[in-house]
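The block underneath contains the structure these notes are about, expressed in structure tokens.
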Amino acid sequence: MLPFFLRRAFSSVIVIFCVISITFVLARITPGGPFDTDKVVSDQVMKAKLARYHLDGTVSQQYFAYISAIAQLDLGVSTKYRDWRVSELLQQKLPNSFVLGALAFVIASCAGVFLGSLAAMKKDTWIDRSAMFGALLSISIPSFISGPFLIAIFALWLGWLPVGGWGTVSQMILPALCLAAPYIAYVARLMRNSLLDVLKSDFLRTARAKGLTETQAVARHAVKVAILPVITFLGPLAAHLLTGSMIVESVFNISGAGMIFVNSIQNRDVFVLCGAVIVYCVLLVLFNLFVDVMYTLLDKRIKLYA
Amino acid sequence: MPEAAAQASIARPDGWQVLQRNRAALIALGFLVVLSLVAIVVPMLLPEDLKLTSSNSFVPPSAAHFLGTDVNGQDMLYRLLSGARVSLGVGLVGALISLVIGTLYGMISGYVGGRIDGVMMRTVEVLQSVPRILFIMILIAALDDYVKEWIDGWRLAAQARNWADLAKTISDVKAYSKVLVMIVSLGLVEWLTMARIVRGQVLVLREMTFVTASRAMGQSSWGVLRRHLLPNLSTIILTYLTLTIPAVILDESFLSFLGLGIEDPAASWGSLLKDGAQVINPLESKWWLLVFPALLMSASLLALNFLGDGLRDAFDPKSGD
């Protein structure tokens, strides 16, 4: 177990390091700096401004200054929002995105597993067909289409739920549904295919032979094995939900981390940009690690190899 | 064993036959062909004055404007179809770029094998663990200004030589520079799945006797790849091309919706939806700005997904999801 974690931690650090390097260099070689305005600014003033953030000198000098700051766990200061540290900005905005992502994650995994199992057990009936058509439909409708429609129907027309904002439970329902919808479909399709394979296996025949009903056999034995491919998908899913929330945040007017990212690119706010990228990568690495550990817990045959 | 294999190949119908029996996939294919033709031809036939901006903004659907007009008084039908051109075009060309990169990468990785294969596949895994959409955004921001400056350089060069027509054409093209940037950036990011699938197939194919025979007859590695492996890969490449197109279209409209992609005067489904989503309000609903792009885009993505799933069932039955 321990060598596995050490090796994993090592390769994760390398991945994150590469991503930070590429992001920083790309952001700095891009034309246009963080302090460019329409006003004419004298070279001296511009130099002083850049120097204050260690953004003067060659790109490699800037890069090493940034990396050494990162090594000391200092994410730097925003160049756009004065007197804001990147860590403070993230701390303020991340919780909203986390709650939204977590809600969507729970909805997507529970509804997906349930619908997928149902479709597999009722294979080739109208339940199966309509569930799979619905899945393809919801994969084909991106959140920036479903979002405005959900608002138009449930908020404006029926008036059941608020249009936007964040804080109360009723404000969370529509964004979470909108974010989860395509992933319910992905999970349901995965679950259906994997359960169909498992239903043919010997141990399920044994379970039926000893007198379990089909539902009992599936619930007690088959789901545990069939869910493994779904769990592999949950790692990337978690990361998708966090990045995908950008659209939902903008449609439902939620102040979250997704908008920080978009704005930091437009403002050339290089430290905020890199900070957000680091957060996403660290989360992704953690989720994937979690997935591998879950695997061994669910299927005792799988061992973690270093 | 060889007999069993031969029997299996007889029992399993040819992929094209499977596809022909899949009615949903055929309808989807027909829809896409018709849509592409309409998107190419109809904007050319529309009267010129419909295409220009006018003072008649937000006219509801009527006889003069079948789908109404937008904020600038432009006809929505024209905007929608030119948006379809851009979205489908970006999807197709972006997917083709990713196809070329992914196929070459996967073929080399699978055929050469050994340590090089290990390094190449590890690289793909690393790239796959990078949040893709974030990377596209950074790439677009980085490329956009370069391309704009580059096109501007050409325009100034044309002006300096007093080629007014050429200068005007170039400045018209500049409005579409973002399209070029999007195509390249998306193509550069979307090839990872293709590379993995192709490599997996090459690993199987390269052990086949006809490859050994070809090598024994002195065919070069490149010749084997081109003459023997590529034809055998063609259906699987076609399948994943069809599945990559909707992914690229989705990414494009995602970015355009956030205002990072296609900008006015050019239009794409994403940028039209952005405009449509901004005007929904309880007092005066301008539903036509939202409903028509949403319908057309969802129908196209659904058709592409149906076709892609159909192709995958036909040519890659084992892969599932």
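The figures that follow rest on heavy atoms only: side chains count, while hydrogens, waters and symmetry mates do not. Each chain gets a letter, A, B and so on, in the order its sequence line appears, and its residues count up from 1.
- Paired with Phe257(B) under the rule side-chain contact (heavy atoms from CB on, under 4.5 Å), one option of Ser250(A), Ser143(A), Pro142(A) passes, and it is Ser250(A).
- Leu136(A) touches chain B through backbone and side chain together, each having a heavy atom under 4.5 Å away.
- Minimum heavy-atom separation, Phe254(B) to Ile247(A): CE1-CG1, 3.4 Å.
- Only the side chain of Phe261(A) comes within less than 4.5 Å of a heavy atom in chain B; its backbone stays farther off.
- For chain B, the nearby part of Ile265(A) is the side chain; its heavy atoms alone come within less than 4.5 Å.
- For Arg122(B), the side-chain hydrogen bond (donor to acceptor under 3.5 Å, both in side chains) partners two or more places apart in sequence, or in a different chain, are Glu125(B).
- Note that OG1 of Thr23(A) and CG of Leu139(B) are 11.0 Å apart. Values are rounded to the nearest 0.5 Å.
- If you measure heavy-atom distances from Ile14(A) to chain B, you find no contacts under 4.5 Å at all.
- Between Leu295(B) atom CG and Ile145(A) atom CD1 the span is 8.5 Å, to the nearest 0.5 Å.
- Both the backbone and the side chain of Leu302(B) come within contact range of chain A, each with at least one heavy atom under 4.5 Å from a heavy atom of that chain.
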Exercise for the section: Check step by step if side-chain contact (heavy atoms from CB on, under 4.5 Å) holds for Asp309(B) and Arg189(A). Expected result: CA-CA 12 Å; Asp309(B) 280 3; Arg189(A) 280 163 63 134; 3.0 Å; yes

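- Annotation: the span from Ile151(A) atom CD1 to Leu290(B) atom CG amounts to 10.0 Å, rounded to 0.5 Å.
- Residue Ser300(B) does not touch chain A at all, counting heavy-atom pairs closer than 4.5 Å.
- Listed by first and then second residue, the salt bridge (charged side-chain N to carboxylate O under 4.0 Å, His left out) pairs that reach into residues 147-164 of chain A come to none, sequence neighbours excluded.
- Using a 4.5 Å cut-off between heavy atoms, Ile16(A) makes no contact with chain B at all.
- Within 6.0 Å of CG on Leu156(B) lie more than 12 heavy atoms contributed by other residues, nucleotides or ligands.
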